[in-house]
Amino acid sequence: MHFKIGRNDPCWCGSGIKYKKCHEAFDAKIDQFRVKGIKVPDHKLIKTPQQIEKIRESCRVNVAVLDYVGEHIGPGVSTQEIDNWVYNETVKRGAIPAPLNYNGFPKSVCTSIDEVVCHGIPSEDVILKEGDIVNVDVSTILDGYFSDSSRMYMIGKVSSEKERLVRVTKECVELGVQAVKPWTRMGNMSEAVHKHALENGYSVVREIGGHGVGLEFHEDPWVGYVSAANTGMLMVPGMMFTIEPMVNMGKPDINTDEEDGWTVRTDDGLPSAQWEVTVLVTDTGCEVICW
Ligand code: MF3
Ligand code: CO
């Protein structure tokens, strides 16, 4: 059942201000898109200033954990050691690693090397060696608020082909960030990401994408990176979502390990890279709040 909010009622955003003085005009603007058949976000996807502040605190932990990983990673380190660092550095800041026990995921972080696209499970038996490229994907819960970002690390001297893949994937994310503008559609961001990958001879994974984030680990909308401009959900100020394309050196096709149920690999065995940021849509563009 849907009750229309009264103009003199307190606004749904929790500001304590009357609706007519707060989000009424904002909702009317959203409705102009809705009536044209464009998918628009529910109120629950629009974060209040108080929620944004809490999510920012969670992001600060996430960034600190990734910084710690960057300072200690290198040849000879096992991915289990990375998991230990992430667990310790997270809990020491009063937070919880979001992946731990998430849908049965057994560890605190995802570590994905070379042809592993995402969701690699840390292990004592996997030792980083010179020439590897590895994605470390950290997600944090602080006081119930979620943050999510990932970085690529190059271990020792890496081939120029892999180095280029890592660099171009980062550029894809930066171009995606620049394409996030309020009152435009998500596909604009996706197309910017995809175009840069294709221009460089790479492909983008279609089946796995990003997501809204903040009050839950994975919120709506699902965020793909191969969609066309002017398609997908309308972006409005206060929304938060991840930009986290997986860019493959070869074909886009992937498979999930049948034994562990998590590890995703490229079908052709060629390397894949991923960077992940969380953005907050603002009145003028967006702000990267977790990187
Ligand atoms: N951190 C991943 C993301 O970017 C999700 C990992 S789910 C896990 O959305 F269970 F594998 F940790
Ligand atoms: Co994510």
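Everything numeric here is computed off the predicted structure, so don't read it as measured data. Counting starts at 1 for both ligands and their atoms, following the listed order.
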Q) Do K29 and F26 meet the cation-pi criteria used here (NZ or CZ under 6.0 Å from the six-membered ring centre, within 45° of the axis)? A) no

Q.
Would you say the Co ion (ligand 2) has H218 as a near neighbour, meaning an N/O/S atom of that residue under 2.8 Å away?
A. no

Q: Supply the atom-to-atom distance S227 OG to M189 CE, rounded to the nearest 0.5 angstrom.
A: 7.5 Å

Q.
Measuring centre to centre across the rings, with the benzene-like ring taken for any Trp, is W12 within less than 6.0 Å of H23?
A. yes

Q. Using the benzene-type ring in the case of Trp, are the ring centres of H72 and Y68 under 6.0 Å apart?
A. yes

Q. With a 3.5 Å cut-off and no angle check, do the side chains of K20 and N8 form a donor-acceptor pair?
A. yes

(Q) Which atom name does E276 have for its N/O/S atom nearest to the Co ion (ligand 2)? (A) OE2

Q. Is a donor on one side and an acceptor on the other found under 3.5 Å between the side chain of N248 and the backbone of S272?
A. no

(Q) So if I only count non-hydrogen atoms and take anything under 4.0 Å from ligand 1, which residues does that give, chain by chain? (A) P99, Y102, F105, C110, H119, D137, S139, D148, H211, F217, H218, E244, W262, E276

(Q) I'd like the atom name of the N/O/S atom in D148 lying closest to the Co ion (ligand 2). (A) OD2

Q) What pair of heavy atoms forms the shortest contact from D283 to P182, and how long is it? A) O-CG, 3.4 Å

(Q) At a threshold of 2.8 Å, where the distance has to be below it, does the Co ion (ligand 2) have an N, O or S atom of E244 nearby? (A) yes

